[in-house]
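The structure appears right after this line, and notes come after that.
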Amino acid sequence: MHARELKDRPLLDKMPGAFALHEMIYDEMGRPIDYRFLYLNAAFERLTGLRAEAVLGKTARQVLPGLEPHWIESYGRVASTGEPAHFKSHSEALGRDFEIIAYQTEKGLFACLVVEVTESTKLGNALLENEHRFQNILDNIPDLVWSKDRESRFISVNEAFGLACGRKPAELVGRSDLEIWPKALAEHYRTDDFKVMAEGKRRQVVETLIDKDGLTRWVETIKTPVRDKLGEVVGTTGIARDITERKQLEDLLRMREEKIESIFLGAPVGIAVLVDRSLSVVNDRFCETVGYRREELIGMPTRRLYLSDEDYKQTGNRFYVEPGQKPAHAAETRLRRKDGSIIDVLLTMTAMQRNDPRAEATFMVMDITDRKRAERELVRYAAELAEANKLKDLFTDILRHDIMNPVTAIRVGLQLMAELESDPKKAALLNSMRRSVSNLIEMTENAAKFARIAITKDMDVVNTDLGTMIRGLFPDFDSQLKEKDTVIELVAPAQSVAEVSPIVKEVFANLVSNAIKYGPAHGKVEIRVEELADSFVVSVKDRGEGISDANKERIFHRFERVGKQGVKGSGLGLAIAHRLVSMHRGRIWVEDNPQGGCIFLVELPKRALSASVDRADRVDRVIRVIRVTRTPIET
């Protein structure tokens, strides 16, 4: 036989597996560039479709022009190095997939054992494609998904699982929980796995998970046993959904419910929940209010608490109205306690369902028995007070009319007697009596005036020039000025118009009268009206004894008269002035006069000027009134 012929050819021809012998062809540099067919058995022919008589002696590139370079490269390594090779590859020229075992028979020669794996490759590729598609589905699931073998080692996980523990999914395959999670959690997870496999039942739990950032998350986990064809449990599969936000909301809701319950139970007013006007829930205070135990009240129709069907119906009509109408929010009624006593209560209702308040409603019940009793007492007291005010007004009228007439006659008579009396001592006594009677008249007038002003709430106001008003008071002080030989000086703007009540002149009359009365003889009373942005300030200055700082507030209160011993008066004049100024939303106060004595000041808001006045015409005028006779002289 030729040296290249095989001694074992008969055996190889009968071999069921495809076999071929090739010779490697090299270029000048010793690099493999092709190979030649030396032998192929019948099985090889059937497998590849290549006939021996057509290919023997020819090169692979001659037989298969489109042969891929990797075949020559793989076979070249085997023929040159003597190292066998086992690989799978696809032949585009033959359109098939093969699994090859190649080995060197002698230097430059190599043999091949060939098995076609086209179908298995297709199945494998399909399986890989399915696995890839399945993995894509898992990775698109936002929940954590995994499968484990019977030793609780991971077979596969999705991307969400990998993100949770900070690793790539491929890094987790073959690992156990002990290699991924904190020990306590890992042992808990494994215990659950073995329990699921032992019982062969699905298990659903809510548990914690510590993520890659060290934060504790809450997950709802479902673990299911995995069985083989024989029904044996061979592992588990699981899915876990992050419910941290839901858990936090549940905890917050639970805390709020506990808080509401604590408020409900500990509320200082009675609270009850009604369903179709029957009690379903009550708090302690409600039980105390009506005198029943809680177990007695639950399920009780509220009709049993009312005094009569009429009361029950009237209250119901206020709260339970036709759909679409607005019910009352509160109502007062009376209830009968268990011991038979009757209490006044205030009921407030909030319907749980706006369209059907009968379905369920919350009621608050407040015992107002003491308040109603106080209201009845207040009504009675108000009636008594009104009657007392009538008596007071009657007494004031008696003072003003029935007493003033004879007292005025006495004063006039004493004055005439004093003027006709030639004995100086008797004349002095008569003048003293006249002054006492004058003080009595002043007290009576002031008391009546104070009583009238004290109950006044509203006033009619008109535009009034304050300077003109004050100047109009001067004739009333003729006798005082003559007796004390006192001068009045008034300084006021050309116009000082404010919205005031005509009764405000009583304020200035009182201040001027006091300045004359309490000032020294042969003195001067200075009055000045000053205009500010929104008000006028009237000052009345005297040269009397002055008022201490401790008493500057007291003198404006009723019956307060400080440091004026020997001077008759009611102590009501400044109280009247204070009341009138307050009614005008103004203020009145007293300051020390640097030259001695006091300065009383009154500030009154302008409210509104009756007309605009040219500034050029607003020149201050000085009005000097000298009282030496009964006729005033203006200069």
Passing candidate, ring pair (Phe, Tyr, Trp, His ring centres under 6.0 Å) with Phe110, options Phe19, Tyr103, Tyr35:
Tyr35
One thing to verify: whether Asp251 and Arg254 come together as a salt bridge, which I'm taking to mean a side-chain N less than 4.0 angstrom from a carboxylate O.
yes
For the pair Glu603 and Arg587, find out whether any cationic side-chain nitrogen is under 4.0 Å from an anionic carboxylate oxygen.
yes
If you measure from the Lys or Arg side-chain nitrogens to the Asp or Glu carboxylate oxygens, is any gap between Arg373 and Glu377 under 4.0 Å?
no
If you measure from the Lys or Arg side-chain nitrogens to the Asp or Glu carboxylate oxygens, is any gap between Arg304 and Glu296 under 4.0 Å?
no
Taking atom types as modelled and ignoring hydrogens, do the side chains of Ser80 and Tyr26 form a donor-acceptor contact shorter than 3.5 angstrom?
yes
Between Asp177 and Lys148, is the closest basic N to carboxylate O distance under 4.0 Å?
yes
Ion pair check, Glu187 and Arg190, cut-off under 4.0 Å:
no
Are Glu375 and Lys372 within salt-bridge range, i.e. N to O under 4.0 Å?
yes
Is any NZ, NE, NH1 or NH2 atom of the basic residue among Lys168 and Glu171 found under 4.0 Å from an Asp or Glu carboxylate oxygen of the other?
no
Salt bridge Asp193-Lys223, side-chain N to carboxylate O under 4.0 Å:
yes
Verify whether one side chain among His584 and Glu499 offers a donor that lies under 3.5 Å from an acceptor in the other.
no
